[in-house]
Amino acid sequence: MSNGCVYLVGAGPGDPGLMTVRGRDLLRRADAVVYDNLAARRLLDEAPPQAEMIYVGKQASAHTLRQEEINELLVRLGREGRQVVRLKGGDPFVFGRGGEEALALVEAGVRFEIVPGITAGVAAPAYAGIPVTHRGVTSSIALITGHETPDKDESDLDYAALANWPGTLVFYMGVKNLPKIAASLMEHGMDPATPAALVRWGTTARQETVTGTLSDITEVAARAGIKPPSLIVVGHVVALRQSISWFEGRPLFGKRIVVTRARLQASRVARQLEDLGAEVIELPAIRIEPPADTAPLDAAAADVSSCDWVIFTSANGVDAFFDALQRAGLDSRALGGVRICVIGPGTAERLGRFGLKPDAQPQSYKSADISRTLAGIEDLGGKKILCPRADIAPKDLIVDLQSLGADVTDLAAYRTVGETPEPELLDELFAGGGPDWITFTSSSTVTNFVNAVGLDRLRGSDASLASIGPTTSATMRGLGLEVDVEAAAHTIPGLVDAILEAQPPREQ
Ligand code: SAH
């Protein structure tokens, strides 16, 4: 037997945080990943970049595989000695055909392991505030497939037994059959007043829940336009949602928010917004690249100890400068006798990663305040000042410092390059009214996003626009865009606060 192993791993119901630690560990060292349509697509980023990613999802249109072909694929990859993660939504053995795949591996003599996942039938109700069992209400739960072989008069399900089931009924894949399910349960004697719910896209920012009774749930779901993937929950526990509902009440729940920052920096703002319940769409308008020629930056870094001041106006500038310092064979001690100014707390925090604290930080985050702050500390006449910045940074800071007599070196430490999002992604995003919010964290995100999306489409959408500060807002207005909110503190938390404050109060 080769060293290959196929891990049948449950990816959980949708929230990427609901995968097991073991599953994630295996994913991080997989060399092949075989996956379906996953609600938690972001989990795929956990796989190493060199891993082979094989999509076998069941979608009518795409070139996807039949179950036998998937089984053969898993056997082949295992025989090749690969570490294969077969990633499935929810739990692999709950309506996931994991059993069939395991049997195929047994038969072929390929080593395998099972990593259970949180099944949607328990997790989606939980996120809707419905405990699937509750002391004194119900002590059992049935997981049922609501998908039945079409064109068959006889039902695959024993509705007489289900109607008398002493507990909660959870139907997977049942939306299409909802009228039949509800009617059959009542026909077999279940009380029409029994509470029932549908939960769509449970545990994700798109979660939608409707409730009713067995007698009206079909109509309620149809009116709300509930489609798959949804679960149907029938039982008295549904009534507990009234008190326990929590997920859908978070302040930004249901809001679709676009983050336009460079991908590497987007995660912080994205996580903060997601923690408040928003669905975040990362559409980086820019990416950060090294300058075309790094020689001037390298030379300046090697000679930094001869400077009086270094001014950092962004976290990217800090990173680029310390990369250059390292290339020069130096470390933070080269800055021992040099004073450091940063533009704001984000930049200060990045500097802290290199063990350094700033000597100066202006009151506001505007570059005009930097020269004023430094001049307040000492006479800048003849002082040698290094400014490692973006290639496109405005010149006013340099001019201000020079007018105070300083000897300034303005260095392009990094380049801001426009990103082109995929046209299909944009079409999808702006279909209907578009997203609820678009966030801009610098002038370059504004100009590049407008370039990519088009001014007309942006103006024509219902999206509200959020700006991190006056410079970014000025760029927006210059392009004819309206600034709906501007952060009071020109930081990421400030931007998130501004969006939060703009939310209308929720009905209780
Ligand atoms: N193995 C999976 C189930 C696969 S069957 C698990 O254990 O969860 C697919 C069905 O699961 C869908 O038709 C839907 O009924 C249900 N489902 C999966 N994810 C869901 C989600 N996030 N919200 C609601 N239902 C979901």
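When a ligand or atom number is given, it counts from 1 through the structure's own listing order. Since the model is a prediction, treat every value here as computed from it, not as a measurement.
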Legend entry - Y7/F112 aromatic ring centres below 6.0 Å: no
Inset, instruction - Assign the ring pair Y159 / H188 to parallel, tilted or perpendicular, where the plane angle (0 to 90°) is split at 30° and 60°. - result: parallel
Legend entry - Y414 and D319 side chains, donor-acceptor separation under 3.5 Å: no
Inset, instruction - For residues V258 and F449, determine if any side-chain heavy atom of one lies less than 4.5 Å from a side-chain heavy atom of the other. - result: yes
Inset, instruction - Find out whether R29 and P48 are in side-chain contact, i.e. whether some heavy atom of one side chain is under 4.5 Å from a heavy atom of the other. - result: no
Inset, instruction - Take the angle between the ring planes of Y55 and Y35 and call it parallel below 30°, perpendicular above 60°, tilted in between. - result: tilted
Legend entry - Near ligand 1, at a heavy-atom separation below 4.0 Å: residues by chain and residue number: P13, G89, G90, D91, V94, F95, T119, A120, Y172, M173, V199, W201, G202, P229, S230, L231
